Amino acid sequence: MKSTFCCSGTEPAPWLAGLRAALPQAQIELWQAGALPADYAVVWAPPQQFFDEQPQLRGVFAIGAGVDALLKLRLPPHATLVRLDDAGMAVQMAEYVCHAVIRHFRELDVYAADIRQGHWTFRKPRNRADFPVGVMGLGVLGARVAQALAHFEFPVLGWSRSAKAIDGVRCFSGSAQFHDFLAASRVLVNLLPLTPDTRDILNRATLSRLQPGGYVINVARGAHLVDDDLLALLDSGHLAGAMLDVFRTEPLPPEHPFWRHPKITITPHTSARTLRETSIGQIAGKIAAFERGEPVAGLVDREQGY
Ligand code: NAP
Ligand code: GLV
C-alpha cells in the first residue's frame with residue numbers, strides 16, 4: 001500500500017517518520033510533482049496539481065477538522081475524504097471558548113485595565129442566568145464546547161442541522177428554529193463548518209437578533225462573519241464585544257480594523273491546533289481500518305460540504 005504526504009505549512013519530516021512507524025507495512029513518501037500513484041493521501045492545503053496527478057487515490061485524510069478549502073479543489077471523484085475526528089482538538093476548543101466566555105462574563109479585561117492603572121476596584125457581580133450562551137454547530141467540537149460551558153452553569157443553547165439531545169443543553173435545529181435560538185442567546189459561539197449554507201451566517205440581521213449586550217466568539221472560519229456588520233453592531237452598542245480566532249484573510253492584514261478595535265480580541269487561528277502525535281495515530285488507524293474494509297469515523301459528505 002502506498003501513501004503520499006502533501007501538507008503545506010507543515011514540517012514534513014516528523015509526520016513522515018511518525019506515519020512510517022505507525023504503518024510499517026506501508027510505503028509513505030513526501031509528494032513531489034510527477035510522483036508515482038498512491039492509494040492514500042495525507043493532506044492540508046495541497047495544490048490542485050496534487051489531485052490532478054493522483055486521480056486513483058482511494059482515501060484522502062485531512063490533518064484538520066474543517067474541509068472547506070479542500071472541497072474548493074477538484075478531488076478524485078472516487079476518493080473517500082476523511083477529516084480529523086477530535087484528535088485532541090475538542091478539549092482545546094472547550095478551553096478556548098470557556099476562557100472567552102468567562103473572561104467576558106467576569107469582566108476580567110476591565111479588572112486588568114484597572115490594575116494597570118493601579119486601581120483596586122470592585123464591580124457588581126453579574127448574574128450567570130443573564131448570559132445564555134448559544135453554540136452554533138453541535139458536531140465533534142461544538143458538542144464538547146456546549147457541555148464544557150454547561151459545567152460552569154451558564155444556560156447553554158445549541159443549534160445544528162439535525163435535532164440533537166445533549167444533557168444540560170437546550171437544543172434547536174434547522175432554519176425553522178434558528179431565530180428562536182438567536183433570540184434566546186446573548187453570547188454566540190460559532191462552530192459551524194463553512195459551507196454554502198453557512199457562509200456569511202454571522203451578519204447584521206442574525207447578530208441583531210442576539211440579546212442586547214451580545215458577545216460573539218468565532219472559532220470556525222472567517223467567511224462565516226461579515227466583518228463590517230460586526231463592526232457596525234459593536235459601534236451601535238448592540239454587541240458588547242467579540243473574540244475572533246479566524247478571519248477571511250489569514251494572516252489578518254495589518255490594516256484590518258479588527259487589530260485595534262477596543263471591543264475585539266483576536267488570536268491567530270490557534271483555538272484548536274492539530275496535535276501531531278495524536279493525529280498520526282488517528283490517521284494511521286483509519287488507513288489500516290480502511291485497508292481491512294472496516295468503517296472509519298470522520299467521513300466527509302461532499303454533498304453537505306462537511
Ligand atoms: P462537525 O463535527 O462536522 O460538526 C458540524 C456541526 O455543524 C454539526 O452539528 C452540523 O449539524 C452543524 N451544521 C452544519 N451545517 C449546518 C447548517 N446549515 N445549519 C445548522 N447546523 C449545521 O465539525 P467540527 O469538528 O465540530 O468542526 C467545526 C468547524 O470548526 C470546522 O469545520 C472548522 O471550520 C472549525 N475548526 C476551527 C479550528 C480553529 O483552530 N479555529 C480548529 C478545528 C476546526 P448536524 O450535526 O446536524 O450534521
Ligand atoms: C482548523 O482550522 C481545522 O479545521 O482543523
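These numbers were taken from a predicted model, which means no experiment stands behind them. In listed order, ligands and their atoms are each counted from 1.
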Response to the item:
Under 4.0 Å from one or more heavy atoms of Gly66, ligand 2 contributes atoms 3 (C), 4 (O), 5 (O)

Item to complete: Output, in order, the C-alpha distance, side-chain angles, deciding distance and verdict of salt bridge (charged side-chain N to carboxylate O under 4.0 Å, His left out) for Lys124 and Glu107.
Response: CA-CA 10 Å; Lys124 190 168 171 286; Glu107 302 185 90; over 6 Å; no

Item to complete: Could you tell me how the ring of Phe154 sits relative to the ring of Phe105: parallel (under 30°), tilted (30 to 60°) or perpendicular (over 60°)?
Response: perpendicular

Discussion item. Can you classify the ring geometry of Phe290 versus Phe61 as parallel (below 30°), tilted (30 to 60°) or perpendicular (above 60°)?
Written reply: perpendicular

Discussion item. Under a 4.0 angstrom heavy-atom cut-off, which atoms of ligand 2 come close to His269?
Written reply: 1 (C), 2 (O)

Worksheet entry | Heavy atoms from other residues, nucleotides or ligands near CD of Gln304 exceed 12 (cutoff 6.0 Å) | yes

Worksheet item: Does Arg273 reach ligand 2, in the sense of a heavy atom lying below 4.0 Å from it?
Response: no

Item to complete: Enumerate the atoms of ligand 2 whose separation from the nearest heavy atom of Ala65 is less than 4.0 angstrom.
Response: 3 (C), 4 (O), 5 (O)

Worksheet item: Contact between Met89 and ligand 2, counting heavy atoms under 4.0 Å?
Response: yes

Fill in: Between Trp31 and Phe5, ring centroids under 6.0 Å
no

Worksheet item: Which heavy atom of Arg123 sits nearest a heavy atom of Tyr111, and at what distance?
Response: N-OH, 2.9 Å

Worksheet item: When you look for protein heavy atoms under 4.0 Å from ligand 1, which residues do they belong to?
Response: Ala65, Gly66, Arg83, Met89, Met93, Gly137, Leu138, Gly139, Val140, Leu141, Gly142, Trp159, Ser160, Arg161, Ser162, Lys164, Leu191, Leu192, Pro193, Asp197, Thr198, Val219, Ala220, Arg221, Asp245, Val246, His269, Ser271, Ala272, Tyr306

Worksheet entry | Mutual orientation of the aromatic rings belonging to Phe122 and Trp120 [parallel < 30°, tilted 30-60°, perpendicular > 60°] | perpendicular

Worksheet entry | Proximal ligand 2 atoms for Gly64, defined as those under 4.0 Å from one of its heavy atoms | 5 (O)

Discussion item. Give the atom numbers and elements of ligand 2 that come within less than 4.0 Å of a heavy atom of Arg221.
Written reply: 1 (C), 2 (O), 3 (C), 4 (O)

Worksheet item: What is the distance from atom CZ of Arg186 to atom NE2 of His104, rounded to the nearest 0.5 Å?
Response: 6.0 Å

Practice prompt. Give a yes or no on whether the ring-centroid distance for Phe172 and Phe178 is below 6.0 angstrom.
Written response: no

